[in-house]
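Below is one structure, written out as structure tokens, with a few remarks after it.
Here, residue 1 is the first one in the sequence, and each next residue gets the next number. The shown structure was predicted, so the numbers you read here are calculated from the model rather than taken from an experiment.
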Amino acid sequence: MNSSEIDIHKELKKYFGFNKFKGLQEPVIKSILAKNNTFVIMPTGGGKSLCYQLPALIQNGTAIVVSPLIALMKNQVDAIRSLSSEHGVAHVLNSSLTKTEITQVKKDILSGITKLLYVAPESLTKEEYVEFLQSVPISFVAIDEAHCISEWGHDFRPEYRNLKNIIKLIGDVPVIGLTATATPKVQEDILKNLDMSDATTFKASFNRPNLYYEVRTKTKNIESDIIRFIKQNKGKSGIIYCLSRKKVEAIAEVLQVNGISAVPYHAGLDAKTRAKHQDMFLMEDVEVVVATIAFGMGIDKPDVRFVIHHDIPKSLESYYQETGRGGRDGGEGHCLAYYSYKDVEKLEKFMSGKPVAEQEIGFALLQEVVAYAETSMSRRKFLLHYFGEEFNSETGAGADMDDNVRNPKVKVEAKNNVKLLLEIVRDTKNLYKSKEIVYTLIGRVNAMIKAHRTDSQLFFGAGSKFEERYWMALIRQVLVEGYLSKDIETYGILKVSDKGLEFIKNPVSFMMSEDHEYNEAEDDAIITAAKTTGIADENLMAMLRDLRKKVAKKLGVPPFVVFQDPSLEDMALKYPITFDELSNVHGVGEGKAKKYGNEFIQLINRYVEENDIIRPDDLVVKSTGANSANKLYIIQNIDRKLNLIDIASGKGLKMDDLIKEMEQIVYSGTKLNIKYWIDEILDDDQQEEIQDYFMESETDNIEKALKEFDGDYDLDELRLMRIKFISEVAN
């Protein structure tokens with residue numbers, strides 16, 4: 001059938017029941033019907049699969065579809081079969097088939113019934129299959145998830161590398177590559193590896209205007225932040241992504257304990273459980289699925305309202321793919337990522353065992369994620385620039401849908417510094433990546449700079465008035481504005497663009513904002529929020545401080561012995577009015593609530609009534625008791641007067657971690673008698689001296705104690721003495 005004779009709108013209606021094509025589908029289908037090599041870049045949810053399904057159904061011969069996932073193939077085959085009266089219209093050819101099934105597949109292809117044959121790349125390498133496919137009419141070969149060809153894609157599969165040679169063996173057939181994510185670097189890789197530089201390329205916009213992008217600091221108490229977020233979005237479906245299976249299980253458990261219906265999903269669960277959890281989510285029997293990236297391939301739930309990244313992903317492609325599962329129906333989709341540089345360092349550690357080439361790619365991709373998280377410019381503009389798309393952050397669709405645009409940082413004029421930066425990139429002969437450029441600007445030497453003798457140039461250190469962070473932020477913003485570009489061949493090397501060369505000649509105003517600085521706070525997220533955004537009730541806080549002073553005076557102890565500051569701040573945030581609620585406040589615990597809590601509860605109760613305060617009763621986060629096994633182990637072994645070093649190694653803890661656990665135990669009101677251990681390390685006079693210090697001090701801050709004793713005692717000695725003091729005096 002000639003493409004010009006086919007009314008594709010009629011065929012679309014006949015097979016799929018749609019009246020019109022979506023986005024770029026129509027021109028793509030016409031290109032395929034005209035037997036052109038075709039390359040399609042279309043975000044998830046854009047209707048990619050219809051681009052090859054329709055031409056396959058209406059042409060002579062069988063289309064081969066190469067796909068990396070057996071589960072995905074099965075879903076698609078079932079979907080196609082539901083459109084036709086012929087069961088054999090679509091088949092899968094992979095390792096899961098029996099001999100009889102393979103015979104049936106071949107029979108259906110030979111008789112011209114089969115229009116779509118889904119194969120895994122591994123199956124295509126089998127000689128018998130290649131020979132068979134050479135003998136039948138093939139309409140075209142479609143390679144789905146084509147980014148699997150590129151090591152720079154988020155899902156590299158080595159077996160994809162050989163596809164070009166196999167397709168040549170099958171015959172001279174048009175090739176269609178399709179991907180839902182492709183940076184300019186990955187696009188180039190795909191075209192090169194499939195040997196289809198002549199392909200007609202169709203690229204849909206990657207902008208999802210209904211998605212709201214937000215990045216928050218990842219603090220110790222991330223769980224309570226997530227729980228609060230979900231409770232504020234009650235009744236809505238959401239996905240939480242974590243990097244490890246262990247974390248998936250832990251978060252799912254914390255959510256369940258706190259009254260949120262959630263299930264875990266990861267590759268370590270058996271297939272039956274995974275399928276059950278996926279169905280529960282699709283059928284809305286649960287609100288939230290907590291998952292590793294194993295989840296989501298082929299998930300077609302249109303109304304996912306939030307996607308939370310508990311851990312930052314390894315690449316911006318992964319991030320884009322995963323956030324893209326939100327708001328498929330065009331409705332709201334809140335994409336919330338928690339960021340801490342510690343996580344990035346963890347990912348770098350994981351990579352250090354891999355081959356050097358793989359490490360380099362991994363580091364480069366991870367740096368892009370860091371840049372996205374730390375940038376203070378429009379996140380949408382940043383993300384789309386990464387995918388090679390221009391975006392106007394004032395007039396583009398969804399321009400105000402991110403935290404940076406809604407809470408803009410102060411901007412400063414940087415015209416002269418942009419000029420200096422561009423000149424340095426030009427004068428170092430486009431040899432360097434961002435790090436070396438920044439080092440050249442601030443005057444820091446490394447091996448590469450030494451090798452190229454850049455440190456002997458007059459411009460070396462010309463930007464030393466500003467710190468490293470400033471220049472990194474400027475490079476990111478200048479890249480997005482197109483004055484610099486990253487070389488595609490040697491990824492990461494900066495080059496001055498024509499637009500940049502023009503800027504050097506005629507500089508124009510350039511307003512920049514500094515990157516965010518994410519400091520992981522020592523105390524939990526709620527307290528951080530209270531300090532930085534004034535969420536804690538200042539009036540109540542003052543009253544609680546007065547009461548603490550009064551109680552402490554009556555008992556003849558320093559105020560911190562009663563409750564520490566973070567605990568008071570948490571009370572001024574949560575308004576606990578029962579013992580149960582008070583024992584869930586940061587650093588309180590049951591023992592402490594019973595011992596000192598009565599007057600505090602009465603005060604808060606009175607205050608809430610007098611001021612008509614609506615209490616955020618959902619802020620009391622219950623723990624899963626995961627730590628309680630550790631607690632019990634420590635208490636029991638200290639009762640048995642065991643050596644602390646042995647107690648720590650018995651649970652695989654460092655001494656620092658053991659002391660932290662012990663501090664939590666005594667600060668929440670439980671006694672720990674560690675005198676037997678302290679007697680081994682300090683004599684009576686020393687103990688008395690430290691005990692007196694804490695008794696008279698206004699604060700239990702260890703830094704201050706270290707300063708006070710000026711090297712007489714080390715950190716661990718003072719921390720252990722503080723534990724003994726709190727245990728004896730407070731509990």
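- No side-chain donor-acceptor contact under 3.5 Å links Y575 and E581.
- Judged purely by distance below 3.5 Å, without hydrogens or angles, the side chains of D270 and T273 pair a donor atom with an acceptor atom.
- For the pair F281 and I239, the minimum side-chain heavy-atom distance is below 4.5 Å.
- At a threshold of 4.5 Å between non-hydrogen side-chain atoms, the residues T179 and V186 do not count as touching.
- Ionic pairing of K236 and D303 is not present here: no N-O contact between side-chain nitrogen and carboxylate oxygen is shorter than 4.0 angstrom.
- Checking side-chain atoms of D657 against main-chain N and O of L653 turns up no donor-acceptor pair under 3.5 Å.
- Of the charged side-chain nitrogens involved, none lies within less than 4.0 Å of a carboxylate oxygen, so that E214 and R379 do not count as a salt-bridged pair.
- D656 has a carboxylate O that lies under 4.0 Å from a charged side-chain N of K660, or vice versa, which qualifies the two as a salt bridge.
- At distances below 3.5 Å, at least one donor-acceptor pair connects side-chain atoms of R380 with backbone N or O atoms of R208.
- No option in D225, D311, D343 other than D225 meets the side-chain hydrogen bond (donor to acceptor under 3.5 Å, both in side chains) test with Y338.
- Side-chain contact between I227 and I260: present, with at least one pair of heavy atoms (C-beta onward) separated by less than 4.5 Å.
- Note on D329 versus R305: salt bridge recorded, some NZ/NE/NH1/NH2 to OD/OE distance being below 4.0 Å.
- D144 contributes no side-chain N or O that, together with a main-chain N or O of S67, makes up a donor-acceptor pair within less than 3.5 Å.
- Shown are K246, E249, R274; of these, the side-chain hydrogen bond (donor to acceptor under 3.5 Å, both in side chains) with H266 is made only by E249.
- The main-chain N or O of E287 is found under 3.5 Å from a side-chain atom of S261 such that the two form a donor-acceptor pair.
- E389 and S205 share a side-chain donor-acceptor pair at under 3.5 Å.
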